[in-house]
Amino acid sequence: MQSSPAAVSPGIEAFIRELPKVELHVHLEGSMQPATLLDLAAKHRVTSVPDSLEGVRDWYEFRDFPHFIEVYLTSLETLCDEEDFARLTADVAARLAAQNVRYAELHVSLYAHLMRGIPAGVVFEGIEHARREAEREHGIRMRWVPDFPGDYGVETGEQTLDAVLKDGPASVIGFGVGSVEVSRAPFADLFARARAAGLHSLPHAGENGGPERIREALDLLGAERIGHGIDCMRDPALVDRLRETGVPLDVCPTSNLCTGAIERIERHPLPRMLRAGLTVSLNSDDPPMFGTDLLNEYRVAHRLGLGAAELTDLARNGVVASYLDGSVERALLAEIDEVLERWSGQ
Ligand code: HPA
Ligand code: ZN
């Protein structure tokens, strides 16, 4: 199901736009606009994707999570050369900056490119070129989190990490695992190697695979943040642990609706997670595939019952959970507080 934009009052809309934001859970390739997909498909004569905007819209109606992953991986076939990766990154950066996103940590589906015979160097050259340009042009900072599909097995993870350690630039700050959620146990040694190389452990866990996946991520992968993690709400002891340790969760409400992880947006656990004292940030995951963006996720959060102060908490949590430098982090937190103060005084 595609989501339609959530409507909020003009006052809250202005507040959400004014709030300086970070995105900690967004997939670079899952941020490709339909028009870009069509252009790249035409450029490379890729016939596995639809050839019209209406076709793409229908294609993005996901039956369930595995179907979403299938469509996601097929859409990646349109990314072939350095210029494609640079173009995608430039577009994604401009759209984030236009939402007043100051900093983003983007997952890059590196293994999905390696398995198609595209060298890691091609991917990194393209995205790095555009990242540097975007920082100059829009002032937005971006960092990378290469990942691999867990259901493809540990060897794919090993190949991905090898490629990162050989060709990855300094702007790679983490390592992740995604796709259909399988046990995280086989990836313990792999993530130990990533952490030893200075990469942060940023796995998806508990998106739809149950609380046990989150425990594995914490105990076996040394997870420093949990991608999604909404299934923790099925396990009170795990909620206590996450609150006590302060491990942040990157929550993506519209994604959860569109992939079938939740049945109705009204039932999304975000408000309960926040009020349980969890360090929750708000994120868009694969925005055009779900008919959303980060501004819209803040509107959705508001419609779930969160007022300006709680939206500010989500924005602050994102900054605190990010890998921004300390001085930039402090300045951004001060700016966020100023926006809330101004808004509260109106
Ligand atoms: N979950 C897991 N893997 C993914 C996702 C997601 O939301 N998006 C792209 N790969
Ligand atoms: Zn994700």
Side-chain angles (χ1 to χ4, degrees), residues 1-3 22-33 37 59-60 62-79 88 92 96 104-116 123 143-153 156-157 160 174-184 187 200-210 213-214 216-217 221 223-232 248-262 268 270 280-294 297 318 321:
M1 187 206 320
Q2 276 257 299
S3 162
V22 304
E23 263 261 47
L24 302 183
H25 195 109
V26 58
H27 295 259
L28 174 71
E29 300 89 340
S31 302
M32 195 190 313
Q33 288 296 318
L37 181 86
W59 200 44
Y60 287 169
F62 308 115
R63 289 189 298 277
D64 52 22
F65 190 80
H67 180 229
F68 158 69
I69 291 292
E70 186 190 315
V71 170
Y72 177 87
L73 291 175
T74 305
S75 72
L76 268 50
E77 291 171 18
T78 59
L79 290 161
L88 169 64
V92 170
L96 287 170
E105 292 173 9
L106 293 113
H107 285 257
V108 178
S109 297
L110 185 61
Y111 182 75
H113 307 307
L114 298 179
M115 78 181 180
R116 295 183 295 119
V123 178
R143 296 293 181 266
W144 309 119
V145 182
D147 69 14
F148 70 99
D151 51 326
Y152 282 41
T156 65
T160 309
F175 188 64
V177 54
S179 189
V180 174
E181 217 173 304
V182 293
S183 169
R184 269 56 187 125
F187 310 135
H200 295 289
S201 171
L202 301 171
H204 287 71
E207 178 176 15
N208 48 43
R213 299 286 91 81
I214 302 173
E216 289 169 353
L221 308 189
E224 291 160 83
R225 274 200 327 252
I226 302 290
H228 292 276
I230 55 171
D231 286 347
C232 73
L249 301 106
D250 316 331
V251 172
C252 315
T254 302
S255 165
N256 297 148
L257 178 69
C258 293
T259 64
I262 57 162
H268 197 281
L270 171 68
V280 178
S281 70
L282 195 57
N283 305 275
S284 66
D285 214 7
D286 305 278
M289 301 187 76
F290 302 137
T292 194
D293 61 14
L294 190 61
E297 294 307 295

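Read the numbers this way: they start at 1 and go in the same order the structure lists the ligands and their atoms.
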Give every pair formed by an N or O atom of ligand 1 and a protein N or O atom closer than 3.5 Å, one pair per line with both atom names and the distance to 0.1 Å, or write none.
residue, atom, partner, partner atom, Å
ligand 1, 1 (N), His204, NE2, 3.4
ligand 1, 1 (N), Glu207, OE1, 2.8
ligand 1, 1 (N), Glu207, OE2, 3.4
ligand 1, 3 (N), Ser179, N, 2.8
ligand 1, 7 (O), Glu207, OE2, 3.0
ligand 1, 7 (O), Asp285, OD1, 3.4
ligand 1, 7 (O), Asp285, OD2, 2.6
ligand 1, 8 (N), His27, NE2, 3.2
ligand 1, 8 (N), Asp286, OD1, 3.4
ligand 1, 8 (N), Asp286, OD2, 3.0

> Does the pair Asp250 and Arg225 meet the rule for a salt bridge (Lys or Arg N to Asp or Glu O under 4.0 Å), with working shown?
Replying inline: CA-CA 7 Å; Asp250 316 331; Arg225 274 200 327 252; 3.0 Å; yes

>> With no hydrogens and no angle check, just 3.5 Å: does a side-chain donor-acceptor pair link Glu216 and Ser183?
In response: yes

> Between NE2 of His25 and NE2 of His27, what angle is found at the Zn ion (ligand 2), rounded to 10 degrees?
Replying inline: 110°

> N/O/S of Asp285 less than 2.8 Å from the Zn ion (ligand 2)?
Replying inline: yes

> Does a donor on one side chain sit under 3.5 Å from an acceptor on the other, for His204 and His25?
Replying inline: yes

> When you check the side-chain N and O atoms of Ser284 and Asp293, is any donor under 3.5 Å from an acceptor?
Replying inline: no

>> Under 2.8 Å from the Zn ion (ligand 2) - does any N, O or S atom of His228 fall there?
In response: no

> Which atoms form the tightest heavy-atom contact between Ser109 and Tyr72, and what is the distance?
Replying inline: OG-OH, 2.7 Å

>> Tell me whether Glu224 contacts the main-chain N or O of Ser201 through its side chain, where contact means a donor paired with an acceptor under 3.5 Å.
In response: yes

> Under 3.5 Å, side chain of Asp231 to main-chain N/O of Gly210, donor-acceptor pair present?
Replying inline: yes

